[in-house]
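I have placed the structure first, in the form of structure tokens, so that the comments after it can refer back to it.
Order of the sequence lines sets the chain letters (A, B, ...), proteins ahead of strands, with each chain counted from 1.
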Protein chains: 2
Amino acid sequence: MANIKEIARMAGVSVTTVSRVLNNHPYVSEVKRTAVLNTIEKLNYTRNMNAVHLITGRTQAIAVIIPYTNLFYFSVIIAGLAQEALLAQYRLVLCQTDYRTEEEIKVLEMLRNKEIDGVVMVSSTMSSEAIEEYTAYGPIVVCQDRGERQFSSVYIEHYSAFRSGLQYLNDKGYRHIGYCEGRPHGSSSSIRQIAFRDFLEATDQPYNDEWMIYNCLTEEDGARVLHQLLQMKNRPDALIISAGDHIAAGLIIEAWKKGIRIPEDLAVIGFDDQPIGRTLGLTTVDNQLTEMGISAFRIIYDQIQRNDGQPVHRKLEYRIIERNTV
Amino acid sequence: MANIKEIARMAGVSVTTVSRVLNNHPYVSEVKRTAVLNTIEKLNYTRNMNAVHLITGRTQAIAVIIPYTNLFYFSVIIAGLAQEALLAQYRLVLCQTDYRTEEEIKVLEMLRNKEIDGVVMVSSTMSSEAIEEYTAYGPIVVCQDRGERQFSSVYIEHYSAFRSGLQYLNDKGYRHIGYCEGRPHGSSSSIRQIAFRDFLEATDQPYNDEWMIYNCLTEEDGARVLHQLLQMKNRPDALIISAGDHIAAGLIIEAWKKGIRIPEDLAVIGFDDQPIGRTLGLTTVDNQLTEMGISAFRIIYDQIQRNDGQPVHRKLEYRIIERNTV
DNA sequence: TTGTAGGCGTTATCAA
DNA sequence: TTGATAACGCCTACAA
């Protein structure tokens with residue numbers, strides 16, 4: 001493959017001039033510019049970007065750490081990131097880590113290696129301290145609320161979003177609220193549990209361990225939960241489902257099969273505003289996933305461009321979408 | 001940042017020896033190896049991978065051309081690709097092209113640029129001839145059936161899969177079959193239309209233009225289709241929905257709301273075996289999406305390793321999953 | 001088993 | 001406006 005030297009020789013100019021043409025630098029006469037462009041055309045030349053990356057110290061690429069790509073929640077964030085990356089002519093290196101810490105570390109090592117210019121950690125198992133050790137090598141954005149750390153963050157306040165959902169149920173008159181949580185040790189599950197307890201306390205309701213259901217992650221789990229409820233002597237009159245509308249969908253479909261009326265027999269509020277929820281008329285808390293991806297990219301892009309290490313912390317707004325399952 | 005030269009000087013060895021240690025080459029005495037490893041540790045050294053990429057001409061990365069990342073169909077293929085890439089220690093550069101040809105070309109140019117070692121085109125708007133021009137620069141795998149081309153492919157036979165679905169409905173006694181297609185000009189939509197016509201002809205059924213419905217892409221489209229059916233004087237007794245179970249889900253949910261019984265009043269068969277379909281008991285054609293991602297990666301990986309330009313064409317099997325909407 | 005030296009293909013520096 | 005030359009950081013003949 002032809003290289004810049006060959007182009008220079010054939011066009012009768014120096015390599016510097018070729019480089020200037022390649023990078024649209026000023027101070028190149030039209031004559032030489034066209035001469036260079038012609039030989040580039042003739043030799044079917046393209047730059048070897050690895051050489052460019054080596055000398056500039058930049059790769060125009062960022063990595064995304066994400067546990068799964070085929071879950072709605074994550075896939076929407078990726079879509080937002082990818083959309084902005086396309087606009088900015090940046091590459092997105094997708095690292096599906098399955099929540100494995102050693103894989104997350106490998107990605108951060110890519111930052112040290114100079115393979116990428118920054119890292120977006122959509123969901124991470126690493127401690128904030130461990131992440132901070134890598135901020136020396138380039139900008140890092142985490143899509144979780146971890147407080148005022150040395151790395152940037154984009155997040156929604158899970159405490160507040162969850163309490164809003166609970167308050168909404170309360171305002172509609174429900175006084176026996178059950179709660180379906182996703183991963184029991186997920187990063188925001190403990191904060192939601194605190195929110196739940198606080199809410200019960202504030203509204204003078206007793207805590208009922210039976211109404212606290214863990215490991216609700218799939219449509220099938222949603223259906224399972226409905227059966228669990230049917231077994232109970234003392235049933236909740238409303239359910240808040242934190243890990244996504246698809247779980248609520250599974251539950252609602254099963255409820256229809258069993259003749260349980262929604263919301264008369266059981267009110268349901270979900271999270272994420274998924275398409276299937278729209279179809280079902282599911283009331284939900286929209287937590288702006290596309291916006292999260294977009295913001296994460298913009299923040300990291302800004303920091304790369306300005307070479308600015310100052311961490312940014314952006315809080316996103318959630319909103320309740322009222323439909324007819326509450 | 002420290003470089004290999006500095007490590008060599010501090011460890012009292014040559015850069016070659018350091019390089020050998022770095023790459024686990026033989027012929028390094030234990031004494032020198034530990035000396036090198038110690039100074040690497042001491043100086044907190046890592047390789048600059050861009051220099052490695054430059055000199056080796058490889059980047060351990062492949063690009064994925066995909067129109068959207070947050071559609072079930074695509075997200076599952078990505079997950080399969082990502083899973084295998086992780087195992088092989090390869091990077092996945094995700095290029096969400098929104099079906100824009102100029103963006104697809106930019107990705108193929110990355111192959112010329114040596115930024116990546118190969119390209120997986122999950123769905124492309126480019127002509128096979130245009131793609132073939134890039135096979136000179138590295139392996140390309142297309143997840144579409146384009147015949148025996150110069151690039152590799154992984155595919156399911158849409159003609160045959162679709163006819164199987166139709167035949168299944170026919171075998172179950174349905175004689176008035178309607179058809180919901182996705183993008184009217186999608187790569188496989190014309191082949192399915194041929195399959196549809198062939199099927200009607202083979203079973204001596206007339207073609208009814210009213211039962212051919214285009215642009216069914218979302219859950220809402222599915223619901224819309226149900227309303228369309230309700231308007232018809234002459235309704236089909238079965239429906240085949242090619243662009244995914246989520247559309248069938250939208251239709252089924254709307255049918256429940258309207259009191260239309262499935263399958264008594266209307267049988268439905270979908271595609272993709274999505275979780276929401278499992279929940280609804282939807283009969284579907286599983287077209288092995290995860291397997292498609294896995295295969296695509298393995299093929300391209302093999303070709304990169306063996307530096308072998310011989311295109312491979314792998315046909316995947318589909319299978320009908322019988323549940324209770326037919 | 002070890003080291004020297006050349007090369008990968010670009011951009012940056014500085015002088016002209 | 002142009003060009004010679006020095007980086008960038010690594011791998012790899014080839015020689016010892």
- line: Rounded to whole Å, the CZ-P distance (B/Arg112 to C/dG9) equals 15 Å

query: Quick one: is A/Asn23 getting a side-chain N or O under 4.0 Å of the C/dT11 phosphate, OP1 or OP2?
result: yes

message: Under 4.0 Å, counting only non-hydrogen atoms across every strand here, what does A/Thr17 touch: a base, just sugar-phosphate, or nothing?
response: sugar-phosphate

- line: B/Arg58 atom CZ is separated from D/dC11 atom P, nearest whole Å, by 15 Å

message: Less than 4.0 angstrom between a side-chain N/O of A/Thr16 and OP1 or OP2 of D/dG3, yes or no?
response: no

task: Using a cut-off of strictly less than 4.0 Å, decide whether A/Lys32 has a side-chain nitrogen or oxygen near OP1 or OP2 of D/dG3.
output: yes

message: Between C1' on C/dA5 and CD1 on B/Ile4, what's the gap in Å once rounded to a whole number?
response: 14 Å

- request: Using whole Å, report how far NE2 of A/His25 lies from C1' of C/dT11.
  value: 9 Å

field: Within 6.0 angstrom of B/Gln305 CD, more than 12 heavy atoms from elsewhere
entry: yes

- prompt: Would you call B/Glu109-B/Lys106 a salt bridge at under 4.0 Å N-O?
  reply: no

- prompt: Taking atom C1' of C/dT1 as reference, at what distance in whole Å does atom CZ of B/Arg33 sit?
  reply: 12 Å

Lys/Arg-Asp/Glu bridge criterion (N-O < 4.0 Å) met for A/Arg146, A/Glu132: no

message: With a 4.0 Å limit, can you tell me whether A/Asn3 has a side-chain N or O closer than that to the phosphate oxygens OP1/OP2 of C/dG9?
response: yes

message: Counting neighbours of CD on B/Glu41 that are heavy atoms of other residues, nucleotides or ligands and sit closer than 6.0 Å, is the number greater than 12?
response: no

task: Please tell me which of B/Val13 and B/Ile55 maps to the more 5' nucleotide of DNA chain C, matching each residue to the nucleotide holding its nearest heavy atom.
output: B/Val13

statement: Between B/Ala51 and B/Tyr27, the residue closer to the 5' end of DNA chain C by nearest nucleotide is B/Tyr27

query: Between atom CD in A/Glu115 and atom P in D/dG9, what is the gap in whole Å?
result: 15 Å

query: Would you say the ring centroid of B/Tyr99 lies under 6.0 angstrom from that of B/Tyr68?
result: yes

message: Does B/Lys5 reach a base, just sugar-phosphate, or nothing at all? Heavy atoms under 4.0 Å.
response: nothing

Phosphate OP1/OP2 of C/dG3 contacted by B/Arg20 side-chain N/O (<4.0 Å): no

- prompt: Which part of the nucleic acid, if any, lies within reach of A/Asn50 when heavy atoms closer than 4.0 Å are counted: base, sugar-phosphate only, or nothing?
  reply: nothing

field: Length of the NZ-C1' vector between A/Lys114 and D/dG9, whole Å
entry: 11 Å

- request: Give one of base, sugar-phosphate or nothing for A/Ser29, where a contact means two heavy atoms less than 4.0 Å apart.
  value: sugar-phosphate

message: If I take atom CG in residue B/Leu54 and atom P in nucleotide C/dC8, what distance separates them, rounded to the nearest angstrom?
response: 9 Å

